[in-house]
Amino acid sequence: MYRQIVVHPDDRPLQQIVWRNDPSEPMKAYQLNTVTYGTASAPYLATRCLKQIGMDCKDDKISEIIIHDFYVDDLLTGGDSIQDALDIHNKVSSELATAGMNLRKWKSNEPRVILNNNNSSLDLNIGSTEPCKTLGLSWQIESDELYFSTSEIVLNNFTKRGLLSVISQIFDPLGLLTPCIISMKILMQKLWLLKLTWDEQLPSEIIKLWLSIVENLSFLNNLRIPRSVICNQYINVDLHIFSDASQVAYGACLYVRSSNNKNNVMVRLLSAKSRVAPIMPTTIPRLELCAALVGVRLYEKVISSLRIQVRSVIFWSDSTIVLGWLKMLPNKLQPFVRNRVAEILEKTGSFTWRHVPTDLNPADYVSRGTNINQIHNLDLWWSGPQFLKGDMSSWPANPIVSDKLPETRSEISLVVTDQKIPLGN
């Protein structure tokens, strides 16, 4: 890709090499006329030129794919039908071919997309049964499932550095393993409270907890997650965001609910996000509010990436205090709560907030964590609460919120000053 992009003549003297074909020949200086891999500007120049190809494309759909679905020279996209995917395959290939960037190594869960293309001589389809990685995430093509491989994870010394190294090796950009990862993050936070150095040996009780986690990492190798989160021939798509908090962590998870004209309903986990609770003591309602804010920001990230029309967006929380705060004017709340409520209302003012019982809240796994060997059996985590598959009339009712909420400002305030009041004679 880089060698297809020509460098401006004024900048070519900055790319010089010395070379000779034979030791007996004198050294010669050569200028590199194209973008060179390894230079600091190479990724930007390549990405910017690719974006320009998309901007110059007259087909709006193909233009959007080229601009948004490439990560350097890797394309990750799809269509709702085989014909749609074939059109994308052919048109994107044609547009990039005009710049000398011929796309190769096509992969698809539908073999006909690979076999029925116009540039088969340029394609390198290694085989649908062989796993591959899409932007770092493992993908089983034949079954169209995502999976996580932990066989390459190296267990270093029992130090804070070694523990962080193992955590960082689990690549989970969508947060599908959040209930497992948050348990590791909580353990990592304990090391900061113990004020251990990076290479200091961990206490025996921490090592015992860490070994129990590491020994179960192999269970992730057998975990398979369906890539598709929307049912076939869908007509309606709704987003449901659940949030929750505990004394140790908080976060949110987002589900896609889709239905078709045959009354088939599918609910699938799309993404999740977690945070470890701050070391300084705070109240559960404040953490619940922070979790709701994480859910709002997660929604913003997801909706900016989706290209489907979403019918409705509903946020769920099991905290009646948070639901009460969101019904109040921000200026009636204390600063910490006021600032977060204001941001939530600004971004979700037209959306609905509902109450979900704690035992039906899938975000409870985000705030409390779970064992790695149990995550594949958590139907509530992967498919959300059962009531989402039913009619809205079967959803949990919103409880009556009390008028007396914490973190509210008094209606009448008194100010005491140190002014001296003169006394009469």
Side-chain angles (χ1 to χ4, degrees), residues 1-19 28-110 113-126 132-139 141 146 171 173-174 227 271 300-308:
M1 178 183 182
Y2 290 168
R3 289 305 183 188
Q4 300 302 114
I5 302 172
V6 178
V7 176
H8 194 278
D10 293 345
D11 297 327
R12 292 175 186 174
L14 301 176
Q15 294 189 150
Q16 295 194 33
I17 61 172
V18 291
W19 181 260
K28 293 183 180 180
Y30 295 88
Q31 290 184 1
L32 301 176
N33 298 335
T34 57
V35 171
T36 303
Y37 179 82
T39 57
S41 60
Y44 166 76
L45 293 174
T47 304
R48 183 61 184 85
C49 290
L50 187 64
K51 182 178 180 180
Q52 189 63 44
I53 297 174
M55 295 168 64
D56 295 339
C57 179
K58 297 181 180 179
D59 189 317
D60 293 339
K61 181 178 180 179
I62 302 302
S63 174
E64 187 176 12
I65 289 174
I66 295 176
I67 293 175
H68 297 290
D69 292 357
F70 269 96
Y71 183 77
V72 189
D73 57 352
D74 289 336
L75 172 64
L76 181 59
T77 189
D80 293 331
S81 64
I82 295 177
Q83 187 57 48
D84 190 18
L86 283 171
D87 290 341
I88 293 174
H89 179 287
N90 296 329
K91 291 180 180 179
V92 172
S93 298
S94 299
E95 286 293 333
L96 267 65
T98 60
M101 299 179 184
N102 297 318
L103 295 179
R104 295 178 173 85
K105 301 181 182 179
W106 286 90
K107 288 283 190 178
S108 175
N109 61 312
E110 178 51 63
V113 176
I114 303 299
L115 297 175
N116 299 334
N117 64 79
N118 298 328
N119 300 313
S120 58
S121 61
L122 299 178
D123 293 320
L124 182 59
N125 189 22
I126 300 175
C132 71
K133 288 190 175 183
T134 56
L135 303 183
L137 193 60
S138 299
W139 177 36
I141 301 171
L146 303 176
F171 184 69
L174 294 175
R227 180 197 58 82
S271 185
E300 280 191 313
K301 184 66 175 179
V302 169
I303 201 65
S304 64
S305 303
L306 296 179
R307 297 199 183 102
I308 58 176

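By convention here, the first residue in the shown sequence is residue 1.
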Just to verify, which of Val35, Asn33, Thr36 counts as forming a side-chain contact (heavy atoms from CB on, under 4.5 Å) with Arg3? Thr36
Spacing of Gln31 atom CD and Asp11 atom CG [to the nearest 0.5 Å]: 10.5 Å
Heavy-atom nearest pair, Ala46 first then Ile5, reads CA-CD1, 3.4 Å
Could you give the distance from CG (Leu96) to CZ (Phe70), rounded to the nearest 0.5 Å? 5.0 Å
Straight-line distance of Ile62 CD1 to Asp69 CG, nearest 0.5 Å: 10.0 Å
For residues Pro13 and Pro9, report the shortest heavy-atom separation together with the two atoms involved. CD-O, 3.4 Å
With salt bridge (charged side-chain N to carboxylate O under 4.0 Å, His left out) as the test, pick out the partner of Glu64 among Arg307, Lys91, Lys51. Arg307
Between Thr47 and Tyr44, is there a donor-acceptor pair closer than 3.5 Å when you use the side chain of the first and the backbone of the second? no
Counting C-beta onward and ignoring hydrogens, is there a side-chain heavy-atom pair between Asp73 and Leu50 closer than 4.5 Å? no
To the nearest 0.5 Å, what is the distance between CD1 (Ile53) and CE (Met101)? 4.5 Å
Could you report the tightest heavy-atom contact between Tyr2 and Val72, atom names first, then the distance? OH-CG1, 4.1 Å
Within a strict 4.5 Å, meaning less than it, do heavy atoms of the Trp106 and Val113 side chains meet? no
Distance in Å, Met1 CE paired with Asn102 CG, rounded so as to fall on 0.5 Å steps: 12.5 Å
Only one of Leu86, Asn90, Asp84 passes side-chain contact (heavy atoms from CB on, under 4.5 Å) with Ile88, and that residue is Asp84
Arg12 backbone acceptor or donor facing Gln15 side chain under 3.5 Å: no
Could you give the distance from CG (Leu146) to CG (Leu174), rounded to the nearest 0.5 Å? 7.5 Å
Taking the side chain as every heavy atom from C-beta outward, state whether Ile65 and Leu75 have any atom pair closer than 4.5 Å. yes
Least distance between heavy atoms, Gly100 atom then Gln4 atom: O-NE2, 3.0 Å
Any Ser63 side-chain heavy atom under 4.5 Å of Met55 side chain: no
